[in-house]
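This structure is a prediction, so every number in the text was calculated from the model and none was measured. Read the numbers this way: they start at 1 and go in the same order the structure lists the ligands and their atoms.
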Amino acid sequence: MSDIWSVNDHLEDILAAVKPLEPIELQLLDAHGCVLAEDVTVPLPLPPFDNSSMDGYAVRSADLRGCDHSEPARLVVTGEVVAGTENPPVVGPGQSVRIMTGGPVPQGADAVVPVEWTDGGSGNGPAGTMTPGSVAYGQVQVFRAPEAGQYIRPRGSDIAAGSTALTAGTLIGAPQVGLLAGIGRAFVRVRPRPRVVVVSTGSELVRPGDELGPGRIYDSNSFTLSAAAKEAGAVVYRVSAVADDARALRTVLEDQLIRADLIVTSGGVSVGAHDVVKEALSNLGRTPGHVDFRRVAMQPGKPQGFGVLGEARIPLLALPGNPVSSYVSFEVFVRPALRRMSGLPNPFRPGVRATLEADGPRSSPHGKRQFLRGVHDSYRRTVRPVGGSGSHLTGALAHADALIVVPEHTTEITPGDELDVVLLDTPV
Ligand SMILES: Nc1nc2c(c(=O)[nH]1)N[C@H]1C(S)=C(S)[C@@H](COP(=O)(O)OP(=O)(O)OC[C@H]3O[C@@H](n4cnc5c(N)ncnc54)[C@H](O)[C@@H]3O)O[C@H]1N2
Ligand code: MOO
């Protein structure tokens with residue numbers, strides 16, 4: 001093995017090798033969760049025409065100046081406009097047109113009075129609502145005068161035609177999908193979700209649901225890593241656990257290259273006699289590529305492999321088998337790589353500072369960056385470790401929502417210390 005690598009150097013090495021995926025054109029809902037690969041220009045103003053923000057009457061504000069409850073104004077109602085009306089009637093002096101929210105403001109009108117300011121055409125006092133199915137002709141009494149322009153949403157007041165609605169690099173969430181739909185886009189150019197193949201290795205591994213023989217354990221890592229990759233926005237292919245047989249593993253990996261933008265393996269990277277990933281990938285034989293095995297100055301997650309495989313030079317990250325180590329390694333190295341491939345300008349999770357709450361001091365290995373599992377309190381800005389530092393402690397990991405980062409030079413942390421904290425996904 002080569003010398004020890006710092007977390008930052010190993011991460012930089014990975015990020016330098018992975019590139020944003022080539023953009024493709026996707027249907028709007030398929031693009032949800034992807035990163036835009038074009039600046040989107042607005043082809044038409046939004047809203048496309050002046051329209052009413054209230055159910056009421058389109059009026060000429062000059063006709064209503066000074067009216068109130070004691071001296072209501074009376075207007076002739078000449079028709080009705082609803083959302084979708086193509087040719088609204090013109091509003092002349094002394095006239096009004098009944099209008100629904102979203103209806104195009106008729107020519108001649110410069111304001112809308114909400115129905116609550118009128119008698120709704122009933123001839124009685126103020127109306128709480130329009131009478132469903134009532135006709136829109138006759139007279140309406142208005143008890144309150146609107147300002148010119150009141151309750152009208154002017155054409156282009158949301159977005160002007162020709163402006164940039166969204167820029168390349170924007171992650172498309174629900175509001176962005178809505179905006180794109182609102183300006184009439186059925187397809188958009190985005191970076192596709194990276195396709196990740198997840199392979200766990202170890203002859204001891206049994207698929208959950210099957211019977212557990214002596215000395216065997218259930219394969220949890222391929223499930224954790226698949227779920228984490230999905231949460232990172234990837235399309236995931238989980239492969240059944242591969243036994244400790246280097247030739248078989250190489251065959252599986254070669255077969256998987258066709259559908260992978262990135263491969264993640266778990267286990268078999270340490271210094272044992274059956275460390276199959278290291279054995280299979282340290283010497284690739286006739287398979288094109290190169291994978292480097294390193295010790296990284298972190299805890300957990302010390303043994304790591306990284307390289308490229310196949311003609312297409314598909315990046316491969318070989319993570320350690322201890323369950324917490326493989327998850328932490330995913331968070332620290334794989335997630336940023338996937339986010340970079342997705343085209344996000346910043347592939348990292350937001351970090352926060354938090355005050356350590358703990359029963360007493362805790363030691364941290366000298367020269368290694370330690371990632372403790374913790375529960376973060378965003379209101380009090382504190383973080384409390386859950387469980388110990390052992391990399392087999394999956395019970396505690398499942399109760400954590402944060403990683404507490406203890407710097408390389410720190411050998412002890414005490415309650416009250418300010419530390420960097422990485423906030424993890426909280427499933428909904
Ligand atoms: N002599 C040394 N031994 C070890 C060292 C070392 O420096 N010198 N490093 C230790 C560290 S740190 C780690 S991390 C592990 C990494 O080992 P491997 O990547 O080779 O992982 P395995 O040996 O295959 O498995 C380790 C452990 O995790 C369990 N495991 C593996 N895969 C899964 C899975 N898919 N689901 C659930 N659990 C899994 C496996 O049964 C082992 O218990 O090496 C240390 N040893
Ligand atoms: O690095 Mo190992 O990942 O400490 O358990």
Side-chain angles (χ1 to χ4, degrees), residues 1-7 10-11 196-210 212-229 236 238-246 248-249 252 263-282 291-307 316-334 362-373 387-398 403-406 408:
M1 262 195 203
S2 55
D3 284 342
I4 198 141
W5 283 58
S6 73
V7 173
H10 184 57
L11 180 60
V196 179
V197 169
V198 176
V199 185
S200 59
T201 66
S203 296
E204 75 279 28
L205 301 178
V206 174
R207 190 187 158 88
D210 291 352
L212 204 60
R216 300 295 190 95
I217 58 164
Y218 286 118
D219 168 18
S220 63
N221 288 356
S222 69
F223 289 88
T224 319
L225 295 171
S226 296
V236 183
R238 193 192 66 83
V239 176
S240 300
V242 180
D244 293 329
D245 173 340
L249 176 63
V252 167
I263 296 177
V264 182
T265 65
S266 107
V269 296
S270 189
V271 293
H274 304 276
D275 280 332
V276 63
V277 175
K278 209 157 95 179
E279 189 188 336
L281 301 182
S282 291
V291 181
D292 223 17
F293 289 88
R294 317 169 164 161
R295 287 173 300 154
V296 177
M298 64 192 280
Q299 196 279 312
K302 181 179 64 172
Q304 298 284 341
F306 170 61
L316 181 144
L317 280 84
L319 312 182
N322 278 325
V324 180
S325 316
S326 84
Y327 177 71
V328 168
S329 304
F330 182 95
E331 266 301 319
V332 178
F333 303 120
V334 184
R362 282 177 172 243
S363 63
S364 184
H366 175 68
K368 287 186 181 176
R369 190 178 302 178
Q370 192 182 39
F371 294 91
L372 291 171
R373 281 67 70 194
S389 60
S391 45
H392 63 295
L393 301 173
T394 56
L397 176 62
L403 294 177
I404 306 169
V405 186
V406 186
E408 287 80 346

Practice item. Please say whether V269 places an N or O atom under 3.5 Å from an N or O atom belonging to ligand 1. Key: yes
**Study point:** Cation over ring face, R207 and Y218, 6.0 Å, 45°
**Key:** no
Practice item. Go through ligand 1 atom by atom and flag the ones less than 4.0 Å from a non-hydrogen atom of K302. Key: 6 (C), 7 (O)
Practice item. Identify, with sequence neighbours excluded, every residue that meets ring-ring contact (aromatic ring centres under 6.0 Å, His included) alongside F330. Key: none
Practice item. Go through ligand 1 atom by atom and flag the ones less than 4.0 Å from a non-hydrogen atom of G268. Key: 18 (P), 19 (O), 20 (O), 21 (O), 22 (P), 24 (O)
Review point. Between I4 and A297, which heavy-atom pair has the shortest distance, and what is it?
Key: CG1-N, 3.9 Å
Exercise for review: Starting at CD1 of I217, measure out to CG of L212 and round the result to the nearest 0.5 Å.
Suggested key: 8.5 Å
Practice item. Measure the spacing between OG of S220 and CG of L205 and express it to the nearest 0.5 Å. Key: 8.5 Å
Exercise for review: Go through ligand 1 atom by atom and flag the ones less than 4.0 Å from a non-hydrogen atom of Y218.
Suggested key: 36 (N), 37 (C)
**Study point:** Proximal atoms of ligand 1 relative to D275 (non-hydrogen, under 4.0 Å)
**Key:** 20 (O)
Check your understanding: Quick one: does G202 get within less than 4.0 Å of ligand 1, heavy atoms only?
Key -> no
Check your understanding: With a 4.0 Å cut-off on heavy atoms, does P303 reach ligand 1?
Key -> yes
Practice item. Taking only heavy atoms of P320 into account, list the atoms of ligand 1 that are under 4.0 Å away from them. Key: 14 (S), 16 (C), 19 (O)
Practice item. Check whether any heavy atom of S220 sits under 4.0 Å from an atom of ligand 1. Key: yes
Exercise for review: Distance to 0.1 Å, residue and atom name: give those for the protein heavy atom nearest to atom 8 (N) of ligand 1.
Suggested key: V271 CG2, 3.4 Å
Point to revise | Full working for side chain to side chain contact (heavy atoms under 4.5 Å, CB included) between L225 and F223 | key: CA-CA 5 Å; L225 295 171; F223 289 88; over 6 Å; no
Between ligand 2 and the protein, which N/O pairs fall short of 3.5 Å?
unit_1   : atom_1 : unit_2 : atom_2 : d
ligand 2 : 1 (O)  : G301   : N      : 2.6
ligand 2 : 1 (O)  : K302   : N      : 2.7
ligand 2 : 3 (O)  : G301   : N      : 2.5
ligand 2 : 3 (O)  : S325   : OG     : 2.5
ligand 2 : 5 (O)  : N322   : ND2    : 3.1
ligand 2 : 5 (O)  : S325   : OG     : 3.0
ligand 2 : 5 (O)  : S391   : OG     : 2.4

Check your understanding: Only one of R369, Q299, Q370 forms a side chain to side chain donor-acceptor pair (under 3.5 Å) with S364, so which one is it?
Key -> Q370
Review point. Counting heavy atoms only, which part of V277 comes closer than 4.0 Å to ligand 1: side chain, backbone, both or neither?
Key: neither
Point to revise | Closest candidate by heavy atom, reference atom 4 (C) of ligand 1, pool A318, G305, G215, S270 | key: S270
Study note, to complete from the structure: Restricting to heavy atoms, the pick from G321, S329, S325 nearest atom 28 (O) of ligand 1 would be G321
Review point. If we only count heavy atoms from C-beta on, is the R295 to W5 side-chain gap below 4.5 Å?
Key: no
Point to revise | Candidate with minimal heavy-atom separation from atom 13 (C) of ligand 1, of V324, I217, N221, N322 | key: N322
Practice item. Output, in order, the C-alpha distance, side-chain angles, deciding distance and verdict of side chain to side chain contact (heavy atoms under 4.5 Å, CB included) for V196 and I263. Key: CA-CA 6 Å; V196 179; I263 296 177; over 6 Å; no
Would you mind writing out the side-chain donor-acceptor pairs for residues 317-327 within the sub-3.5 Å range, not counting sequence neighbours?
unit_1 : atom_1 : unit_2 : atom_2 : d
N322   : ND2    : S391   : OG     : 3.3
S326   : OG     : P323   : O      : 3.3

Review point. If you look at every heavy atom in G388 and R373, which pair is closest and at what distance?
Key: O-NH2, 3.2 Å
Review point. Which residues pass the side chain to side chain donor-acceptor pair (under 3.5 Å) test with R362, sequence neighbours left out?
Key: none
Check your understanding: What atoms of ligand 1 come closer than 4.0 angstrom to any heavy atom of D219?
Key -> 34 (C), 35 (N), 36 (N)
Revision key, fill the gap. heavy-atom search around atom 41 (O) of ligand 1 in the protein gives E204 OE2, 2.7 Å
Review point. Testing E408, M298, K302 for side chain to side chain contact (heavy atoms under 4.5 Å, CB included) with K368, which one passes?
Key: K302
Practice item. In plain terms, say whether E204 and R216 are close enough for a salt bridge, that is, a side-chain N and a carboxylate O under 4.0 Å apart. Key: no
